[in-house]
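Letters A, B, ... are given to chains in the order of the sequence lines, protein chains preceding strands, and every chain is numbered from 1.
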There are 2 protein chains.
Amino acid sequence: MIKFVILGFLMHKELTGYDIKQIMIHSTSNFMNASFGSIYPALDRLEKDGLITATKIIEKGKYKKVYAIHETGKEVFIQWLEEPMDFMKSYEDILAKIFFYGHLPKEKAIRHIEHLIEDIHKKIENLEKLETKIKDIADRFEISTLYFGIDHLKFVVGWYGRFLNDLKKI
Amino acid sequence: MIKFVILGFLMHKELTGYDIKQIMIHSTSNFMNASFGSIYPALDRLEKDGLITATKIIEKGKYKKVYAIHETGKEVFIQWLEEPMDFMKSYEDILAKIFFYGHLPKEKAIRHIEHLIEDIHKKIENLEKLETKIKDIADRFEISTLYFGIDHLKFVVGWYGRFLNDLKKI
DNA sequence: TAGCGCATGTAATATGTTACATGATTTC
DNA sequence: GAAATCATGTAACATATTACATGCGCTA
């Protein structure tokens with residue numbers, strides 16, 4: 001996932017690996033806060049794949065590698081953004097996409113979020129079925145984690161619902 | 001984390017790798033649903049470390065390996081359970097512990113959850129500070145992911161608070 | 001006899017962290 | 001002149017997934 005987040009940052013402007021880390025701390029740390037040990041190898045990979053280019057410069061006596069995104073990089077990024085969200089893959093993945101949804105036409109963003117909400121509703125139904133099955137055999141802690149799961153998904157679906165409404169209004 | 005979940009299941013009774021997978025589907029799938037590709041290697045590892053023992057049997061013509069937990073395995077499991085929860089390590093990790101909190105004296109469980117709630121409150125404060133910093137430069141989607149983070153932690157902390165009250169009552 | 005459920009396992013791959021190594025500039 | 005910040009990078013490790021390979025027993 002980190003490669004897409006990096007591409008997303010590079011959509012705005014050219015950055016060094018260090019810059020990317022700083023931006024993460026101040027913007028995405030809430031759902032994604034990669035270490036240098038994953039940022040630098042990811043940049044290498046992206047360069048080898050021809051999605052970005054590095055320019056080596058010396059600024060104030062400091063050696064730097066400034067990365068810029070290519071057209072192909074932009075395409076790969078938008079393609080990732082347009083893939084439907086899979087809420088099963090941790091909510092961090094979803095937030096990573098929503099974070100960059102400004103790059104998508106509003107109608108597409110709306111459609112993706114509507115789909116997501118439907119999927120989560122189905123999942124809630126499944127968990128509620130599971131609950132009736134196991135509530136007699138599970139202890140209070142065990143069943144509580146299931147209740148947490150249900151309540152959590154209800155919170156998430158409520159939040160996305162409100163977000164969607166705001167989005168439609170403007 | 002999977003090794004502790006496996007130890008937790010084995011606290012109740014002896015199980016095969018296949019059994020463990022089935023139990024996960026029907027109880028923890030909501031926050032942990034490991035594949036066979038991680039269950040079997042984990043069982044091997046636990047056996048090599050002397051925390052569990054395998055007994056090879058043939059039942060209804062089917063070859064099986066039934067695993068039982070050792071005293072050392074129980075100690076390692078309880079030790080893991082008694083470590084304070086770190087809410088930074090995904091909420092799955094927290095649910096995994098709460099799931100097995102029935103193995104802990106009630107007062108300890110309460111203390112751990114109280115600590116957790118305090119930590120999350122601090123994190124919420126940090127995110128709110130971050131919000132005032134970036135709200136002028138972030139776009140609607142970018143800032144929304146931060147709002148999600150804050151709302152999400154508030155939901156989580158509220159849920160744990162209610163859970164704690166229920167726990168204290170009984 | 002085909003397919004499903006039970007049952008175990010491995011190899012390739014993905015994805016990341018932590019700790020370490022290095023060295024410059026800026027700030028106190 | 002010490003400490004913090006800027007800046008890049010690698011090696012070892014952790015953790016898990018996916019896909020594949022194997023084979024038995026039961027049921028329609």
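Closest-nucleotide positions on DNA chain C for Glu59(A) and Met1(A) were compared, and the one nearer the 5' end corresponds to Met1(A). Nearest-nucleotide positions on DNA chain D place Phe36(B) closer to the 5' end than the other of Gly61(B) and Phe36(B).
Contact annotation: Tyr63(B) does not reach the phosphate of dA7(C) (side-chain N/O to OP1 or OP2, under 4.0 Å). A sub-4.0 Å separation between OP1 or OP2 of dG9(C) and a side-chain N or O of Lys65(B) is present. Between Ser35(A) and the phosphate of dT17(C), there is a side-chain N or O to OP1/OP2 separation shorter than 4.0 Å. For the pair Thr16(A) and dT8(D), the criterion of a side-chain N or O lying under 4.0 Å from OP1 or OP2 is met.
Residue Asp19(B) places its side chain closer to dA7(C) than to any other of dA7(C), dT10(C), dA7(D). The listed nucleotides are dT18(C), dT8(C), dT25(C); the one nearest the side chain of Lys62(A) is dT25(C). Nearest nucleotide to the Tyr40(A) side chain, out of dA16(D), dT8(D), dT10(D): dT8(D). Nearest to the side-chain atoms of Lys64(A) among the listed nucleotides dT17(C), dT8(D), dT10(C) stands dT8(D). The side chain of Ile2(A) lies closest to dG16(C), out of dG16(C), dA7(C), dT8(D). Checked against dG16(C), dA7(D), dT8(C), the side chain of Tyr18(A) finds its nearest nucleotide in dA7(D).
Under the 30°/60° scheme for interplanar angles, the aromatic rings of His152(A) and Phe148(A) are found to lie parallel. A perpendicular orientation is assigned to the rings of Phe9(A) and Phe99(A), their planes being inclined by more than 60° (bins at 30° and 60°).
Phe4(A) has its ring centre no less than 6.0 Å from the ring centre of Phe100(A).
Residue Lys21(A) contributes atom NZ, which lies 12 Å from atom C1' of dG16(C) at whole-angstrom precision. Between the CD1 atom of Ile20(B) and the P atom of dC6(C) there is a distance of 15 Å, rounded to whole Å. To the nearest angstrom, P of dA7(C) lies 12 Å from CD1 of Ile23(B). If you measure from atom NZ of Lys60(A) to atom P of dA7(D), you get 8 Å, rounded to the nearest angstrom. Regarding Leu43(A), its CG atom lies at a distance of 15 Å from the P atom of dT15(C), rounded to whole Å. The interatomic distance linking Ile58(B) (CD1) with dG23(D) (P) rounds to 15 Å, in whole Å. As rounded to whole Å, 16 Å separates atom C1' of dT8(D) from atom CG of Leu15(A). Arg45(A) places its CZ atom 16 Å from the C1' atom of dT10(D), with the value rounded to the nearest Å.
In terms of modelled atom types and a separation under 3.5 Å, the side chain of Asn30(B) and the main chain of Thr145(A) share a donor-acceptor contact. In this structure a side-chain-to-backbone donor-acceptor pair under 3.5 Å is missing from Ser29(B) to His26(B). Between the Asn165(A) side chain and the Arg162(A) main chain, no donor and acceptor come within less than 3.5 Å of each other.
At the heavy-atom level, Gly17(B) lies under 4.0 Å from the strands shown only through sugar-phosphate atoms.
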